[in-house]
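Shown next, in structure tokens, is the structure this report addresses.
Since this is a predicted model, take the numbers as computed values, not measurements.
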Amino acid sequence: MSLPAIIGISLGVAGVVAFSRKPQPYSALKKIGVFILATVGMLAIMLAVNFAMFYANHP
């Protein structure tokens with residue numbers, strides 16, 4: 001998977017996590033923090049999976 005695809009998927013997932021929940025009394029700053037944490041977390045997961053698949057296919 002290409003790096004732009006990984007970044008795009010991570011940003012999309014983070015947007016869904018941070019902004020599409022039921023309206024809750026969170027401040028904009030807290031929503032932005034959740035967005036950033038979700039982006040970093042999803043990037044780490046996607047990169048780990050990507051490298052695992054890459055090294056599994058190369059003996």
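From Lys31, atom NZ reaches atom CD1 of Ile36 across 14.5 Å, with rounding to the nearest 0.5 Å. Taken to the nearest 0.5 Å, the CG atom of Leu11 stands 7.0 Å off from the CG atom of Leu43.
The hydrophobic cluster containing Ile45 does not contain Leu3, counting ILVMFWY residues as joined when their side-chain heavy atoms lie under 4.5 angstrom apart, directly or transitively. Both Val17 and Ile9 sit in one connected hydrophobic cluster of ILVMFWY residues. Membership requires side-chain heavy atoms under 4.5 Å apart, directly or through other members.
Minimum interatomic distance between Ser10 and Met46 (heavy atoms only, all atoms of both residues): OG-CG, 4.1 Å. Heavy-atom minimum distance, Thr39 versus Ala14: OG1-CB, 3.1 Å.
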